[in-house]
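Atoms within each ligand, like the ligands themselves, are counted from 1 in listed order.
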Amino acid sequence: MRKIINQIEGIKTSDGAGVSLTRIIGSPELNMLDPFLLLDEFGSDNPDDYIAGFPPHPHRGFETITYMLNGKFHHKDNAGNEGFLEDGSVQWMTAGKGVVHSEMPKQTDGLVRGFQLWLNLPKEKKMIEPAYHDISADQIPCIKTKISTVKIISGEYQNTKGPGKPHTGFLYFDVNIDPGKSFSCDIPEDWNAFIYVYEGSLSVNSDLSKGFLGVLSASGKLEVNSLDRGASFILVAGEPLNEPVARGGPFVMNTRSEILQAFEDYQSGKFGS
Ligand code: MN
């Protein structure tokens with residue numbers, strides 16, 4: 001059975017033009033969990049926390065997967081692509097060789113809540129053409145039973161496949177369990193995996209509360225039991241790349257010189273357009 005081997009609490013910070021968020025992966029405590037480079041949770045009903053959004057900024061070398069639990073965002077890049085994210089939808093962006101984009105809230109009040117995950121690309125795919133895959137809420141399969149709801153963004157659960165099209169092995173589920181009930185699933189052997197609790201609390205081999213990420217051991221089946229108030233969590237797992245990682249802000253490559261090249265290409269206007 002998979003166990004929780006490490007618990008991490010996110011760090012409150014801000015990014016973009018002053019968006020308040022909680023950084024869970026990509027912090028000093030958990031720099032990365034191969035192939036995951038970053039996980040942010042944003043969640044507020046105060047527009048001051050999100051209204052400034054993320055004005056134009058570049059990315060190269062990985063994918064960003066944004067899952068909106070609530071709220072609306074507008075996405076636009078310098079090559080003329082645009083898209084809208086609504087409640088329950090996902091935007092899957094493959095930055096590849098480079099994009100310059102903005103991510104701005106499409107609402108001026110009410111609750112905005114969701115996650116952005118950075119999924120690394122393998123060495124041979126870091127410089128592929130940028131791509132976008134907008135997944136609306138009704139395209140995400142939802143397996144409902146009397147005691148749980150499982151939304152499949154990527155990967156397979158009970159013979160149902162999610163719409164995600166990753167470049168390497170990857171699963172992403174949003175799971176809700178009623179109080180005192182359980183959920184179990186298979187995760188491919190040796191994939192790195194974590195759960196992040198966004199409501200309630202749960203127990204695997206140890207208890208995990210709201211706002212905590214539990215890193216799971218690398219082999220076996222997962223069984224999760226919710227505690228008194230039920231639990232909502234994301235379960236994310238991926239095939240480790242086991243390749244060198246060089247990070248430079250919004251660029252993630254394999255070597256330091258590739259990072260310097262990315263800054264040079266960005267500054268000389270070679271991204272996107
Ligand atoms: Mn971005």
Sequence neighbours excluded, every pair satisfying side-chain hydrogen bond (donor to acceptor under 3.5 Å, both in side chains) that has a member inside residues 230-254: Asn176-Ser232
task: Please find out if less than 6.0 Å separates the ring center of Phe183 from that of Tyr157.
output: yes
- line: Partner of Thr66 under side-chain contact (heavy atoms from CB on, under 4.5 Å), picked from Met93, Gln116, His75, is Gln116
- request: Spell out the protein N/O/S atoms under 2.8 Å from the Mn ion (ligand 1) as residue plus atom name.
  value: His57 NE2, His59 NE2, His101 NE2, Glu103 OE1
Test of ring centre spacing under 6.0 Å for Tyr196 and Phe233: no
task: For atom NZ of Lys72, decide whether the heavy atoms of other residues, nucleotides or ligands shown that lie under 6.0 angstrom number more than 12.
output: yes
message: Just verifying a value: how many Å separate Ile153 CD1 and Leu117 CG, rounded to the nearest 0.5 Å?
response: 9.5 Å
